[in-house]
Amino acid sequence: MLWHGAAHDTTSIPIHPAAIANDGTVAGNIDGHAATWKNGRVTILDTAASKALAICKCESAAVVGVVTVNGVAHAAIWVDGIRIDAGLPPNGTSAEFRAIGGGFIVGNATVRVPNPDSGVPGDSTDYLEPYSWSHAEGWVRLLHGPLSFASIESMNSHGIAVGISFGPHAAQRAIYFDVGAGTGEQEFPTNPFFPDMRPTGINDSGRVSALGLFVDSLGFTSGNQVALV
C-alpha cells in the first residue's frame, strides 16, 4: 500500500515496495525483478533475478540494489532503466547497494578474509562489510575500527549513513559513517534502556529511526523490539 496526502489516503500498488522518491516513484520488486511504480505504471528494470533496494530521493531515474550474475549477487545501479553492474569488491563473494543520494552510493558485501580467531594458516571466513562505490574510485571499504563486521542500512543526501555492527563479543551496536569525509565508523551514544539498537533510516536533518530491544523494570532485556525515533 501507498499512504499519501493529509488524509493518509491509501493506494494499492502491484509491487513489493522498498523505497520512494520525492516525486512519488516507488522502487521495489515484482516477480523476482527490480521494478519501479509511478502513477499506476510498473516499469521492470531488469530481466535477470534482481532486487531494487533504494532510490535516489531527488533523481528518481537512479535506483540501486542487487542483481544475480552467473549465480553470484552483484551490486547494481539502474539509470533510466539501464543496468550498471558494479560487481564485487576485492575478495568479495556477494554484494548489494543499499542507498544512493547526494552523489554517494553505499552498500554491503560479504568478503572472504583470514579468520582472526582460528590461527590456522589458510583458514578464512566471510565477513559482512560496508563500502562506498563510485565510477572513479570503485569500491572503498568503510570499516576501519576493531569491529568484526558491520552493515549500512540507510544514508541521507549529506553522505551520513547509519547501520549496525557486531564487536568482538558479538554485541550489536548502532553506528554511523561519514561517507563524504571517508571516515570510519562511530558508535551511537549508549542508552541504558536500549542496549541493542538497529537503525533503519536517517533523514537530511540527521534524525534516525531504529528498532531496539529494551530493558524492563527488573533489568531484563525484553525479546520484543520497539520503534525508536
Side-chain angles (χ1 to χ4, degrees), residues 2 13-112 126-143 150-163 177 179-180 182 200-202:
L2 177 68
I13 57 178
I15 70 174
H16 188 278
I20 187 169
N22 291 342
D23 66 0
T25 302
V26 177
N29 312 286
I30 185 170
D31 298 329
H33 303 284
T36 59
W37 176 93
K38 184 180 181 182
N39 297 331
R41 179 184 177 187
V42 173
T43 301
I44 305 297
L45 299 178
D46 212 306
T47 57
S50 53
K51 288 184 179 181
L53 299 175
I55 187 169
C56 188
K57 294 290 192 296
C58 297
E59 180 48 69
S60 59
V63 176
V64 298
V66 58
V67 63
T68 300
V69 178
N70 297 325
V72 178
H74 285 199
I77 311 164
W78 293 272
V79 180
D80 291 322
I82 298 174
R83 184 212 303 167
I84 300 171
D85 183 354
L88 306 168
N91 300 317
T93 57
S94 69
E96 66 181 20
F97 286 140
R98 293 289 304 183
I100 178 173
F104 305 105
I105 301 173
V106 294
N108 305 305
T110 52
V111 180
R112 182 56 59 94
D126 285 340
Y127 279 90
L128 185 65
E129 297 186 339
Y131 287 82
S132 64
W133 182 90
S134 67
H135 287 285
E137 298 185 20
W139 293 88
V140 177
R141 186 174 182 265
L142 294 174
L143 195 63
S151 68
I152 284 176
E153 300 296 319
S154 179
M155 179 183 66
N156 65 21
S157 63
H158 305 303
I160 304 299
V162 293
F177 301 86
V179 181
T200 57
I202 181 171

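Side-chain atoms are counted along with the backbone in the values below, which use heavy atoms only and exclude waters and symmetry mates.
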Is there a donor-acceptor contact under 3.5 Å from the side chain of [X] to the main chain of [Y]?
X    : Y    : value
T110 : D126 : no
T25  : K38  : no
N29  : A52  : yes
W78  : A35  : no

Interatomic spacing from [atom1] in [X] to [atom2] in [Y] - rounded to 0.5 Å:
X    : Y    : atom1 : atom2 : result
I30  : I44  : CD1   : CD1   : 5.0 Å
N22  : C58  : CG    : SG    : 4.5 Å
I77  : I82  : CD1   : CD1   : 12.5 Å
R112 : S94  : CZ    : OG    : 10.5 Å
I160 : S154 : CD1   : OG    : 11.5 Å
I15  : D31  : CD1   : CG    : 11.0 Å

Closest heavy-atom contact between [X] and [Y]?
X    : Y    : answer
A54  : V63  : O-CG1, 3.4 Å
A76  : V67  : CB-CG1, 3.7 Å
L88  : A95  : CD2-N, 3.6 Å
I100 : I105 : CG1-CG1, 3.9 Å
W139 : A86  : NE1-O, 3.1 Å
R98  : L53  : NH1-CD1, 4.0 Å

> In terms of the angle between their ring planes, are W133 and F97 parallel, tilted or perpendicular, with boundaries placed at 30° and 60°?
Replying inline: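 If you compare the ring of W133 with that of F97, the planes turn out tilted.
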> Hey, mind stepping through V111 and Y127 against side chain to side chain contact (heavy atoms under 4.5 Å, CB included) and telling me if it holds?
Replying inline: CA-CA 5 Å; V111 180; Y127 279 90; 5.6 Å; no
>> I need the single residue from R83, K51, H33 that forms a side chain to side chain donor-acceptor pair (under 3.5 Å) with D46. Which is it?
In response: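 Single pass found, and it is R83.
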>> I'd like to know whether L2 forms a side chain to side chain contact (heavy atoms under 4.5 Å, CB included) with W37, so could you lay out the CA-CA distance, the side-chain angles of the two residues, the decisive distance to 0.1 Å, and finally the verdict.
In response: CA-CA 11 Å; L2 177 68; W37 176 93; 3.7 Å; yes
>> Could you check whether S151 and E153, counting side-chain N and O atoms only, form a donor-acceptor pair closer than 3.5 Å?
In response: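 Result is yes, a qualifying pair exists.
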> Could you go step by step and tell me if H135 and I84 meet the side chain to side chain contact (heavy atoms under 4.5 Å, CB included) rule?
Replying inline: CA-CA 10 Å; H135 287 285; I84 300 171; 4.1 Å; yes
